[in-house]
Structures are given as C-alpha cells and as structure tokens.
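We count residues from 1, following the sequence as given. Just so you know, these numbers use all the heavy atoms, side chains as well, and skip hydrogens, waters and symmetry mates.
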Amino acid sequence: MQGTDATATPPPVRYALTGARGGFARTLLAQTLRMDRLRPSVLCDLDAEGTVALCAELGYAPDDLKVCTGPDEVSALTGGQIAVVADAALLAGAGYDVLVEATGSPEAGAAAARTAIGTGRHVVMVSKEVDSVAGVALADEARAKGVVYTPGIGDQPANLIEWYERARVLGLDVVAIGKSGEYDLVFDPSTGRVRQLDQEVDAPELAGLLTLGEDVPATLAARARAVGALKRSAAADYCEMGVVANHTGLVPDVEALHYPVARVAELADVYSLAEDGGILSRSGAVDVFSVLRLPEEASFAGGVFVVVRTGDPVSWDLLAQKGHVVSRSGRYACLYLPYHLMGVETPLSLLDAVDRRRAVTSRPPAPHAVLAGRAGEDLPRGTRLDMGGHHHDVRGVAPVLLDAASAPDDVAPLYLAAHATLARDVAAGELVRLGDLADPAESLLDAWRHTRTHL
C-alpha cells in the first residue's frame with residue numbers, strides 16, 4: 001500500500017473577485033501575485049478594460065487576461081487564463097473555489113454572494129454594506145450548502161472578531177471592543193494645530209489636554225470641542241461595528257457611538273465603566289475612538305482593541321511593568337493590534353475557507369445590532385437616498401447603530417434604504433422606517449425579513 005506524501009504541495013486555490021477596480025481589490029491582487037497557491041480566476045467590475053489595465057500594471061501577464069461577455073467565453077478559458085467580466089451573472093459558470101465580494105454595493109454584492117453560495121463556492125465578504133443587511137441570511141444559506149461565509153481578515157471587522165474570540169477563549173472578562181477611526185488626529189504642540197489626513201485646523205487647547213486628568217469624561221469632552229471643526233465619524237465605522245456586533249453579540253453603548261478623542265495609552269481608562277471613572281454605561285460594548293497622537297508617535301493604523309477586567313492585580317501589575325496598557329486603577333487593561341492590512345492579509349481567509357472550511361469565528365452571525373439611519377434634515381416624499389463617497393454615506397441620513405433588542409421592528413437598515421426613494425416625508429431626527437421606502441430592493445428586503453426571524 002502506498003502512503004500519502006505529507007510533503008505534497010496542496011492544490012492551488014482559485015478565487016473570483018468582484019469590485020476588482022477598488023482600492024482593497026488592488027491590494028489583494030498585488031499580494032496574491034506574490035503567492036504560489038492563490039490565483040485569480042475571474043475578475044468582475046463594471047470597468048472591464050480598466051481592470052485589465054490595472055492587472056497589467058501590477059505585473060499580471062496581459063495575454064492571461066481575457067475580457068469575456070458571455071458564459072461560453074468564460075467556460076472556454078484554460079490553464080492560467082483569467083476571465084475579466086462586467087456582468088456578475090457570469091460568475092455562475094466560472095471556475096473558482098472562493099468569491100471575494102468587494103463591490104461595496106448592497107444589492108449587487110448580495111446577488112454575487114448568493115450566486116457563489118448557490119453554486120457551492122465559499123464567500124469572503126469584504127463589502128460590509130452587504131453584510132450589514134444580508135449577512136445573517138447569506139451565512140444561513142452558506143451553512144445549508146456546506147460552504148463558508150466569512151468576513152475577510154485584513155479588514156477591521158474580521159480582525160476585531162478574531163481578536164475578541166481570542167480573548168473569550170482565554171476566559172478574559174471583556175468590557176468593550178472596538179477600533180480606531182480611519183485617520184489619526186496628529187497634534188503638533190509647536191504650532192497648536194491638529195491634522196487629520198489632508199485637513200488641518202487650529203486646536204491650541206489640546207496642548208493642555210494631552211493627559212486625561214482626574215475627570216476622564218470632562219477631558220474627553222474638552223478634546224472633542226477642540227477638534228469640533230473636523231468630521232471624525234463615518235458611515236463606514238458604524239457599518240463595521242454592526243458587522244462586529246452581529247458576530248460577537250456585543251452591542252453599542254450609545255447609538256451614535258462615543259468616538260472619544262483618546263491616546264492609545266489611555267484606552268483602558270477611557271473604556272472603563274462610568275462607576276469607575278470611564279465612559280461606558282454597561283459592559284459588553286462595541287465602539288470607535290479617534291486616535292490623538294503627536295507627530296513623532298506611531299499610528300494606531302486603523303487597528304482594533306479589546307478592553308478587559310484584569311482580575312489578579314499581581315499578574316497585571318507585572319504586565320503593566322512590561323509596557324502593557326493598564327488603567328490607573330489597575331482594574332482594566334487594553335489589548336490591541338495597531339494595524340489592519342486590508343488585502344495583504346485577506347489571502348489567509350481564502351486559504352482558511354478552502355483548506356480548513358474555517359470562518360473567522362465558529363459562531364454564526366445573528367442580528368444583535370441594526371445599522372440604521374436618522375434623517376439629518378427634513379426629507380420630503382420623493383427624495384432619493386443616494387449613497388456615495390469614499391465612506392458610502394447616504395445623502396441626508398446620519399448613521400446610527402441600534403441595539404437590535406430595543407430597535408423598532410420596522411426600522412430600515414441603512415443600506416437597504418440606500419438608493420431607495422421616500423414614499424412619505426421624514427422629519428429631521430426621525431429614524432427611516434421600512435414603510436418610508438417606496439422602492440426598496442426586493443432581494444435585500446427578503447434577506448432582511450429572514451434576518452428578523454432570528455430575533
């Protein structure tokens with residue numbers, strides 16, 4: 001009898017990628033070009049010719065890239081040829097093992113994921129907009145088909161879910177989990193100015209607010225006023241925390257999230273309970289903070305954190321001596337990963353799905369939070385709730401993250417409302433409800449109705 005060669009090279013993993021012209025997709029395509037086992041099989045984007053040009057720029061052989069407009073052309077490709085398509089329906093007949101969904105389009109992304117699952121392919125979901133509306137339904141469909149549905153490592157939701165699961169397995173008493181906002185607040189004491197990406201404003205008051213002081217909430221409020229000219233929150237943050245909530249069971253402490261302006265070394269003090277001097281009204285919260293740092297200090301780089309109760313004071317005093325972030329009281333500690341590498345790390349999720357049939361967590365998602373929207377102004381009947389911009393904001397609507405246990409039954413998920421037309425007036429400050437929408441996408445509405453059955 002011949003034995004199995006344990007050193008044999010495992011077969012290559014072929015992936016399909018939707019939204020192939022996006023920034024995340026570029027990073028993934030560049031990374032997998034360096035890897036022996038991963039190879040794109042089909043790339044889908046409305047700009048097929050632009051996708052070809054991008055791949056050629058990254059170093060893919062131009063002769064391997066074939067623009068296809070019909071299923072016969074896709075199925076006729078051989079060897080290492082890569083199909084480039086503008087129509088996601090062509091994914092059904094393509095040869096691949098796992099789909100990376102990165103369009104950011106709620107309706108199109110959900111349809112592409114459903115096609116992949118229905119034909120027995122795994123799905124790595126990068127489009128948090130899709131996940132926030134249809135993730136629970138898609139995960140259920142994937143389990144029924146025996147395939148994996150998972151957020152992708154490298155993006156903040158999956159990184160935070162994985163980091164939380166590590167703390168949970170270790171038996172740590174988790175108080176809060178979260179991430180930093182996309183861009184740091186970099187304060188230069190020599191000029192009294194603070195910079196956020198390409199914006200810079202005067203904030204001389206920060207010079208006297210670089211430490212927390214005895215009253216943590218008061219210091220945080222003063223910092224927020226000092227940088228009030230900068231927009232620090234984004235729909236993308238709320239969406240990502242909604243995905244995290246549904247995979248972990250932790251929920252928002254307040255619907256607008258706290259967004260404290262905080263230095264990394266302060267996080268254990270900031271995210272302690274109010275009775276211990278912090279900002280939280282309850283344990284088990286998801287949140288986002290704005291990093292405050294000096295120019296010479298390293299960035300948090302969109303990283304993630306878990307705040308825990310310390311327990312044994314001797315153990316954590318030892319860890320504090322080694323530089324770990326422990327609160328001044330010694331009762332809380334912050335464990336953090338100061339990075340998210342987007343598509344550079346996502347290949348790990350592809351290999352886990354195909355080789356190990358492993359998602360980022362073994363627990364299926366459930367509706368613990370609802371990413372919803374409040375009208376930011378009076379919105380008259382007939383208004384189209386257009387979605388756009390880098391952070392996929394919905395025009396005229398402010399994102400909020402609701403605890404699903406107390407959310408109204410008829411609240412409309414933000415990215416179900418996106419691109420819909422209002423059937424009636426919605427006053428400023430009101431939640432957008434399902435009944436307010438004249439023409440929601442039926443496929444997303446069906447997915448959301450399925451999600452609500454889990455409550």
So, [X] side chain and [Y] main chain: donor-acceptor pair closer than 3.5 Å or not?
| X | Y | result |
| --- | --- | --- |
| Tyr336 | Lys179 | no |
| Ser41 | Gly95 | yes |
| His368 | Val251 | no |
| Thr27 | Gly343 | no |
| Thr361 | Arg363 | yes |
| Arg39 | Gly80 | yes |
| Arg309 | Asp173 | no |
| Asp355 | Asp352 | no |
| Thr51 | Asp45 | no |
| Trp448 | Ala137 | no |

Step through the shown structure and confirm whether more than 12 heavy atoms of other residues, nucleotides or ligands are within 6.0 Å of [atom1] on [X].
| X | atom1 | value |
| --- | --- | --- |
| Asp36 | CG | no |
| Gln321 | CD | yes |
| Arg452 | CZ | yes |
| Tyr259 | OH | yes |

message = Determine whether Val186 and Gln196 satisfy the following criterion, side chain to side chain contact (heavy atoms under 4.5 Å, CB included), listing intermediate values before the conclusion.
response = CA-CA 7 Å; Val186 184; Gln196 181 180 248; over 6 Å; no
task = Scan Pro151, Pro157, Cys239 and name whichever one has a side chain to side chain contact (heavy atoms under 4.5 Å, CB included) with Asp131.
result =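 With Asp131 as partner, Pro151, Pro157, Cys239 yield a single side chain to side chain contact (heavy atoms under 4.5 Å, CB included), made by Pro151.
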query = So among Val42, Val126, Leu43, which one has a side chain to side chain contact (heavy atoms under 4.5 Å, CB included) with Leu17?
reply =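 Of the listed options, the one satisfying the test is Leu43.
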For [X] against [Y], the heavy-atom pair lying closest together:
| X | Y | answer |
| --- | --- | --- |
| Cys334 | Phe305 | SG-CB, 3.8 Å |
| Leu138 | Ile117 | O-CD1, 3.6 Å |
| Val411 | Ala372 | CG2-CB, 3.6 Å |
| Leu99 | Ala112 | CD2-O, 3.5 Å |
| Arg357 | Gly146 | NH1-O, 2.7 Å |

What I want to find out is whether [X] reaches [Y] closely enough, with some N-O distance under 4.0 Å, to be called a salt bridge.
| X | Y | value |
| --- | --- | --- |
| Arg331 | Asp276 | yes |
| Glu182 | Arg232 | no |
| Glu266 | Arg223 | yes |
| Asp237 | Lys128 | no |
| Arg293 | Asp184 | yes |

Can you tell me if [X] and [Y] form a side-chain donor-acceptor pair at under 3.5 Å?
| X | Y | result |
| --- | --- | --- |
| Asp287 | Tyr271 | yes |
| Ser327 | Asp269 | no |
| His454 | Asp140 | yes |
| Glu165 | His247 | no |

Minimum side-chain heavy-atom gap [X]-[Y] below 4.5 Å:
| X | Y | value |
| --- | --- | --- |
| Tyr96 | Val13 | no |
| Gln156 | Leu160 | no |
| Val291 | Ser299 | no |
| His392 | Leu414 | no |
| Val174 | Thr248 | no |
| Ile177 | Trp163 | no |
| Val397 | Leu385 | yes |
| Asp403 | Ser406 | yes |

query = Is there a salt bridge (Lys or Arg N to Asp or Glu O under 4.0 Å) between Arg449 and Asp446 once you walk through the steps?
reply = CA-CA 5 Å; Arg449 287 169 177 153; Asp446 287 344; 3.5 Å; yes
message = Taking the ring of Phe300 and the ring of Phe289, is the distance between their centroids below 6.0 Å?
response = yes
ask   = Could you give the distance from CG (Leu416) to CG (Leu371), rounded to the nearest 0.5 Å?
value =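 Leu416 atom CG to Leu371 atom CG measures 11.0 Å (nearest 0.5 Å).
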message = For residues 101-116, which residue pairs pass the salt bridge (charged side-chain N to carboxylate O under 4.0 Å, His left out) check, not counting sequence neighbours?
response =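 Non-adjacent pairs meeting salt bridge (charged side-chain N to carboxylate O under 4.0 Å, His left out): Arg114-Glu141.
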request  = Using side chain to side chain contact (heavy atoms under 4.5 Å, CB included) as the criterion, list what pairs up with Ser281, not counting sequence neighbours.
outcome  = Asp253
